Amino acid sequence: MTILAIETSCDETSAAVVREGRVLANAVSSQIKLHAEYGGVVPELAAREHLRNLIPVVQTALHEAGATAEQLDAVAATQGPGLPMALLVGFKAAQAIAFTLRKPFVGINHHEAHLYSPWISGNPPTADFSDFKPNLSLIVSGGHTMLVLVESELQHRVLGSTVDDAAGECFDKTGKLMGLAYPAGPDIDRLAEQGNPKAFDFPRPMLNDAGDDFSFSGLKTSVRYFLRDHPALLDDAQKIRDLCASVQAAIVEVLVTKSVRAAKRNRVRCVTASGGVTCNRALRSELARACNHEGFLLRLADKSFCTDNAAMVGVLAENKLRHGVADTSLDAEILPGMALA
Ligand code: KG4
Ligand code: ZN
């Protein structure tokens with residue numbers, strides 16, 4: 001089975017070709033530079049940029065995969081959640097392609113696609129579910145922070161999510177307070193490497209809360225007040241590195257502790273993580289340390305599949321078709337608030 005998948009839920013225009021679990025191509029056009037000027041994603045600009053880039057990105061993916069449109073067996077696209085106008089561009093284009101080729105169409109939940117991205121690995125990247133284990137999955141990006149129990153393939157239950165800001169948003173907003181460009185996550189990661197994570201003590205929100213929800217806006221506020229009271233700190237490069245390391249340590253400790261605790265409580269011995277923040281090196285190494293300590297298997301999405309991409313959409317669509325899940329109507333509409341069932 002050969003699938004063309006399209007992802008346009010936020011600020012990445014992506015198209016992938018997946019065949020029998022193998023990612024033959026995963027073309028991604030990032031809009032980061034466009035939105036950086038505004039300090040965050042501007043929905044109207046994102047939609048316009050998707051419109052401009054979608055067809056070239058699809059052509060690139062088909063070309064890289066050495067596939068023709070006629071060889072496609074199905075077409076998939078992200079149906080939600082995401083920015084309405086951005087979703088609309090990719091979803092309607094995918095339906096039109098499926099209609100023209102008279103092939104099945106599959107609408108995919110963006111979060112559900114993230115859940116299975118840690119199972120894509122190797123060269124060429126291949127989704128391998130033969131060693132699938134029930135797992136606790138952490139989805140952590142600029143828009144979402146969730147803990148999901150994945151009991152078996154295509155069966156999952158959301159345990160908790162953020163009640164305010166996402167973890168990536170916290171990286172981006174605290175970075176902005178320090179004068180770093182959007183998105184600040186990668187810069188904080190880099191600067192933190194030479195900083196002291198114990199230099200400043202920031203709160204670990206909801207760390208000791210019995211539930212699986214997160215909250216990151218209080219941490220951001222405490223950094224804001226801290227900088228209001230210590231403005232001179234931003235004139236000292238080493239102090240900025242210490243600040244980055246301290247903020248990062250607070251975010252990472254909450255994510256790691258709550259993930260491992262939820263895995264234990266739900267009696268699963270495997271943890272997976274995906275989403276843009278999973279690129280963070282401290283998060284990757286602390287998850288590895290904690291899982292090693294518990295004797296858990298850890299599967300982190302490859303960095304190229306952490307940020308939004310169509311490969312994970314194609315992999316999930318193929319898995320669904322293989323499991324006999326019905327395809328999606330060509331009249332179906334986008335679902336910007338689509339929940340992870
Ligand atoms: O998954 P993604 O590309 O887009 C969505 O938000 O859906 O994630 C982007 C987020 C941004 O908040 C960015 O700052 C964060 O991921 N991020 C990182 C790192 N790389 C990306 N945060 C911390 N450390 C990183 N290395
Ligand atoms: Zn995402």
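Just the heavy atoms: all of them, side chains too, but no hydrogens, waters or symmetry mates, feed the values below. Whatever order the structure lists ligands and atoms in, that order sets their numbers, starting from 1. What you see is a predicted model; the values in this text were computed from it and never measured.
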Ring geometry between Phe132 and Trp119 (parallel below 30°, tilted from 30 to 60°, perpendicular above 60°): tilted
- prompt: Considering only the protein, which heavy-atom contact is closest to atom 21 (C) of ligand 1, and what is its distance?
  reply: Gly276 O, 3.4 Å
- prompt: Nearest heavy atom to atom 9 (C) of ligand 1: which of Ala301, Gly142, Ala167 does it belong to?
  reply: Gly142
query: Among all protein non-hydrogen atoms, which one is nearest to atom 15 (C) of ligand 1, and what is the separation to 0.1 Å?
result: Val277 CG2, 3.9 Å
- request: Below 4.0 angstrom from a heavy atom of Gly168, which ligand 1 atoms are there? Numbered from 1 as shown, please.
  value: 12 (O)
field: Parallel, tilted or perpendicular: ring planes of Phe200 versus Phe202, cut at 30 and 60 degrees
entry: tilted
query: Cut-off 3.5 Å, side chains only: do Ser137 and Thr272 have a donor facing an acceptor?
result: yes
- line: atom 14 (O) of ligand 1 has as its nearest protein heavy atom Asp172 OD1, 2.6 Å
query: Once rounded to 10°, what is the value of the angle centred on the Zn ion (ligand 2) between Asp308 OD1 and His114 NE2?
result: 90°
message: Looking only at the side chains, is there a donor atom on one of Asp128 and Ser130 sitting less than 3.5 Å from an acceptor on the other?
response: yes
message: Please tell me whether Glu7 and Asn309 have a donor and an acceptor in their side chains that are separated by less than 3.5 angstrom.
response: no
- request: For ligand 1, note which part of Cys10 has a heavy atom under 4.0 Å away: side chain, backbone, both or neither.
  value: neither
- prompt: Side chains of His144 and Ser141: is there a donor and an acceptor less than 3.5 Å apart?
  reply: yes
query: Do Leu62 and Ile3 sit in the same hydrophobic cluster, where Ile, Leu, Val, Met, Phe, Trp and Tyr count as joined when their side-chain heavy atoms come under 4.5 Å apart?
result: no
- line: Cys279 heavy atoms within 4.0 Å reach ligand 1 at atoms 20 (N), 26 (N)
- prompt: Cut-off 3.5 Å, side chains only: do Asp302 and Ser121 have a donor facing an acceptor?
  reply: no
- prompt: Relative to ligand 1, is Thr307 under 4.0 angstrom through side chain, backbone, both or neither, heavy atoms considered?
  reply: both
message: Give me the residue, atom name and distance of the protein heavy atom closest to atom 22 (N) of ligand 1.
response: Gly185 CA, 3.4 Å
Contact check: Asp308 vs ligand 1, nitrogen or oxygen atoms, below 3.5 angstrom: yes
message: Which atom name would you report as the N, O or S atom of His110 nearest the Zn ion (ligand 2)?
response: NE2
Residue and atom name of the nearest protein heavy atom (relative to atom 24 (N) of ligand 1), distance in Å to one decimal: Asn280 ND2, 3.0 Å
query: Among all protein non-hydrogen atoms, which one is nearest to atom 26 (N) of ligand 1, and what is the separation to 0.1 Å?
result: Asp189 OD2, 2.8 Å
- request: For Thr78 and His110, test the side chains for any donor-to-acceptor distance below 3.5 angstrom and give the result as yes or no.
  value: no
message: Below the 3.5 angstrom mark, is there an N/O of Gly143, backbone or side chain, next to an N/O of ligand 1?
response: yes
field: Exercise: identify the closest heavy-atom pair between Glu153 and Tyr116
entry: C-OH, 3.8 Å
